[in-house]
Amino acid sequence: MRHIPLITALSLCAVPAAADDLALLMGVSQYDALSRVSNGTEVVDAADDMRTAGFEVSTATNPTAQDMRRLLNQFAQAADDADRLVMGLSGRFVTDGTQSWFVAKDSAEPSLFGLQDTISLDAVMRVLAQTPGQAVLVLGYDQGDDDDLGLYMQEGIGVLDVPQGVTVVLARPDLADAVLSDAVASPGQNIIAFV
């Protein structure tokens with residue numbers, strides 16, 4: 001699998017946030033059927049900095065698939081009225097090469113036809129695309145974890161079809177919170193230059 005340290009559709013500078021700016025931070029380190037992810041939950045450590053910057057922030061540490069879906073549905077509904085959207089996801093991801101999914105704590109080992117406890121990154125990016133030029137997705141994952149999960153699936157993130165106006169940053173789990181705190185939540189900081 002090809003590893004790209006940074007994928008961007010549009011360079012984005014952090015600006016002072018308005019009250020309608022939303023952020024969702026979810027990190028998973030403990031899995032029921034998969035091995036542990038060191039520092040997987042550190043992404044939620046950026047919550048206070050995001051709030052200080054004016055974002056309304058929701059967080060989840062080691063969420064189940066039901067928890068993830070609930071938070072993502074709430075985020076998607078509120079996104080209609082938001083000026084800026086930020087999402088940070090950290091933990092295990094799986095891909096078939098062209099599509100990628102974020103894995104919930106209680107997910108069974110993912111397979112081509114067994115992805116019911118995962119979250120589609122394509123769907124996440126469609127929601128973020130509602131605020132073009134003001135949308136950031138930070139994905140924290142161990143880029144060395146690209147083990148095969150059967151004939152058609154492997155760990156990691158495949159090629160992403162990033163919508164126009166969405167900035168996507170791939171980082172190690174222990175650095176995802178720094179990207180959010182030191183770049184996204186800092187007024188005037190250029191995310192691309194920071195990374």
Where is the tightest heavy-atom contact between [X] and [Y], given as atom of each residue plus distance?
X    : Y    : result
V44  : G27  : CG1-N, 4.2 Å
T59  : A47  : CG2-CB, 3.8 Å
G91  : Y141 : O-CB, 3.7 Å
T41  : S29  : CG2-OG, 3.6 Å
A104 : M68  : CA-CE, 3.6 Å
A185 : A53  : O-CB, 3.5 Å

* **Sequence-distant partners of S100, side-chain hydrogen bond (donor to acceptor under 3.5 Å, both in side chains), two or more places apart** => T95
Name every donor-acceptor pair, under 3.5 Å, that has one atom in a side chain of residues 123-133 and the other anywhere in the protein, sequence neighbours excluded.
{"unit_1": "Q130", "atom_1": "NE2", "unit_2": "V127", "atom_2": "O", "d": "3.2"}
{"unit_1": "T131", "atom_1": "OG1", "unit_2": "L128", "atom_2": "O", "d": "3.4"}
{"unit_1": "T131", "atom_1": "OG1", "unit_2": "Q134", "atom_2": "O", "d": "3.4"}

Under 3.5 Å, is there a donor-acceptor pair between the side chain of [X] and the main chain of [Y]?
X    : Y    : value
D49  : L180 : no
D106 : A65  : yes
D83  : D20  : no

Gap separating the [atom1] atom of [X] from the [atom2] atom of [Y], nearest 0.5 angstrom:
X    : Y    : atom1 : atom2 : value
M153 : E109 : CE    : CD    : 10.5 Å
I157 : F93  : CD1   : CZ    : 4.5 Å
S58  : M50  : OG    : CE    : 11.5 Å
S120 : Q99  : OG    : CD    : 6.0 Å
L34  : S107 : CG    : OG    : 6.5 Å
D177 : S90  : CG    : OG    : 8.5 Å

* Could you tell me whether D142 and R172 make a salt bridge, using a distance below 4.0 angstrom between a side-chain N and a carboxylate O? => no
* Step-by-step side-chain hydrogen bond (donor to acceptor under 3.5 Å, both in side chains) determination, D96 to T98 -> CA-CA 6 Å; D96 63 5; T98 58; 3.3 Å; yes
* To do: Return yes when atom CG of D161 has more than 12 non-hydrogen atoms of other residues, nucleotides or ligands closer than 6.0 Å, and no otherwise.
  => no
* Using the side-chain contact (heavy atoms from CB on, under 4.5 Å) rule, take L121 and L89 through it: C-alpha gap first, then chi angles, then the decisive distance, then the call. => CA-CA 10 Å; L121 293 187; L89 307 176; 4.0 Å; yes
* **In one Ile/Leu/Val/Met/Phe/Trp/Tyr side-chain cluster, 4.5 Å: L175, L137** => no
* **Test applied, side-chain contact (heavy atoms from CB on, under 4.5 Å); reference residue, V179; option that passes from L139, V169, V136** => V169
* Member of V28, T118, V103 meeting the side-chain contact (heavy atoms from CB on, under 4.5 Å) criterion with R92 -> V103
* Please assess R84 against V184 for the test side-chain contact (heavy atoms from CB on, under 4.5 Å), listing each intermediate value before the final yes or no. => CA-CA 11 Å; R84 295 182 66 206; V184 178; 4.2 Å; yes
Contacts under 3.5 angstrom, residues 69-77 side chains, donor-acceptor by atom type, not counting sequence neighbours:
{"unit_1": "R69", "atom_1": "NH1", "unit_2": "Q116", "atom_2": "O", "d": "3.2"}
{"unit_1": "N73", "atom_1": "ND2", "unit_2": "R69", "atom_2": "O", "d": "3.1"}

* Could you walk me through whether N62 and Y31 pass the side-chain contact (heavy atoms from CB on, under 4.5 Å) check? -> CA-CA 8 Å; N62 293 316; Y31 286 90; over 6 Å; no
